[in-house]
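Both counts, for ligands and for their atoms, begin at 1 and track the order of listing.
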Amino acid sequence: MPEPWYHAGLKFRCLGAECGDCCSGKNGSGAVWVNAPEMLDLAKHLGLPFDEFTRKYVRQIGERYSLVEKPNFDCVFYEAGKGCTVYEARPTQCRTYPFWNKVMAAKEYWKLEAKACPGIGADETVVTGEEIARNVVEDRRRFPEGRQGI
Ligand code: SF4
Ligand code: SF4
C-alpha cells in the first residue's frame with residue numbers, strides 16, 4: 001500500500017485558548033456530534049447523572065445528537081480566553097481535529113482547512129505521519145459514513 005501523502009508529517013500546533021476558532025461560533029452554527037459513550041464520558045467528567053447531562057447539554061439533529069450551542073453559536077463548553085472546559089472528556093470529533101478523514105483525503109483539502117484553523121502551519125512544530133494516521137483511523141471508525149452537517 002502506498003504511503004499517505006502526509007507520511008512525512010505536517011506542520012501543526014494547536015493555538016489552544018488563544019485561538020478557539022473550532023469551538024467558538026466565529027464561523028456560525030455547527031454540530032459537535034456525540035454518541036452514547038461520549039455522552040457518558042462527559043456526564044461522568046462533570047459529575048452529572050446521564051439524564052441531567054443530556055437535558056442540559058445535548059440536542060437532537062435528525063437522528064443524531066450534538067452538544068448544544070450558546071446563543072452566539074459557541075460550543076456550550078467553550079469559554080473565551082480559557083478554551084474547552086471539558087478538555088479531558090472532549091468527544092472524538094474534537095480530539096481528532098484537524099486530522100479528519102475528509103481533510104486528510106488530499107493535500108488540497110488540508111491547505112483549504114488552514115483557512116479555518118490557524119494552527120495549521122503556525123510554526124515549525126511537526127505532527128508525525130503516524131500520529132496523523134491514528135487520528136484519521138479514529139475519525140473513520142467514529143464516522144464511517146462521513147460527518148454530514150459540519
Ligand atoms: S467540547 Fe470542547 S473541544 Fe469540543 S467543540 Fe466544545 S469546547 Fe471545543
Ligand atoms: S482552530 Fe485549530 S488552532 Fe484554533 S483551537 Fe482549533 S485546532 Fe487549535
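Distances from atom 8 (Fe) of ligand 2 show that Cys14 has an N/O/S atom below 2.8 Å. Among the atoms of Cys75, an N, O or S atom falls under 2.8 Å from atom 6 (Fe) of ligand 1.
Listed by number with element, the atoms of ligand 1 under 4.0 angstrom from any heavy atom of Leu67 are 1 (S). Remark: ligand 2 atoms within the under-4.0 Å shell around heavy atoms of Cys22 are 1 (S), 5 (S), 6 (Fe), 7 (S). Numbered from 1 in the order shown, with element, the atoms of ligand 2 that lie under 4.0 Å from a heavy atom of Gly119 read 3 (S). Residue Cys117 approaches ligand 2 through these ligand atoms, each under 4.0 Å from one of its heavy atoms: 1 (S), 2 (Fe), 3 (S), 7 (S). If you number the atoms of ligand 2 from 1 as listed, the ones under 4.0 Å from a heavy atom of Tyr97 come out as 7 (S). Near Phe77, meaning under 4.0 Å from any of its heavy atoms, are these atoms of ligand 1: 7 (S). For ligand 1, the atoms sitting less than 4.0 Å from at least one non-hydrogen atom of Tyr78 are 7 (S), numbered in the order shown with element in parentheses.
The protein heavy atom nearest to atom 5 (S) of ligand 2 is Gly20 N, 3.4 Å. At the top of the distance list for atom 4 (Fe) of ligand 1, counting protein heavy atoms only, stands Cys94 SG, 2.3 Å. Regarding atom 2 (Fe) of ligand 1, its nearest protein heavy-atom neighbour is Cys84 SG, 2.4 Å. In terms of protein heavy atoms, atom 8 (Fe) of ligand 1 is closest to Cys23 SG, 2.3 Å.
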Legend entry - Steps toward side-chain contact (heavy atoms from CB on, under 4.5 Å) verdict (Val68, Val58): CA-CA 5 Å; Val68 302; Val58 177; 5.5 Å; no
Inset, instruction - Take Ser29 and Glu69 through the side-chain contact (heavy atoms from CB on, under 4.5 Å) test and state the conclusion after the steps. - result: CA-CA 8 Å; Ser29 181; Glu69 292 176 325; 2.9 Å; yes
Inset, instruction - Give the C-alpha distance, both sets of side-chain angles, the deciding distance and a yes or no for ring pair (Phe, Tyr, Trp, His ring centres under 6.0 Å) between Tyr109 and Trp100. - result: CA-CA 10 Å; Tyr109 299 148; Trp100 290 347; over 10 Å; no
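For the pair Arg90 and Glu38, the salt-bridge criterion is not met [side-chain N within less than 4.0 Å of a carboxylate O]. Salt-bridge formation is detected for the pair Glu131/Arg134: a Lys NZ or Arg NE/NH1/NH2 atom is positioned less than 4.0 Å from an Asp or Glu carboxylate oxygen.
Residues Arg59 and Tyr65 fail the side-chain proximity criterion, which asks for heavy atoms closer than 4.5 Å.
Here Tyr57 and Phe77 bring their ring centres to under 6.0 angstrom of each other. For Phe99 and Phe12, the gap between ring centers is short of 6.0 Å.
Residue contacts with ligand 2: Pro98 is excluded, as none of its non-hydrogen atoms falls under 4.0 Å.
Judged purely by atom type and a 3.5 angstrom limit, Arg141 has no side-chain atom pairing as donor or acceptor with the backbone of Glu138.
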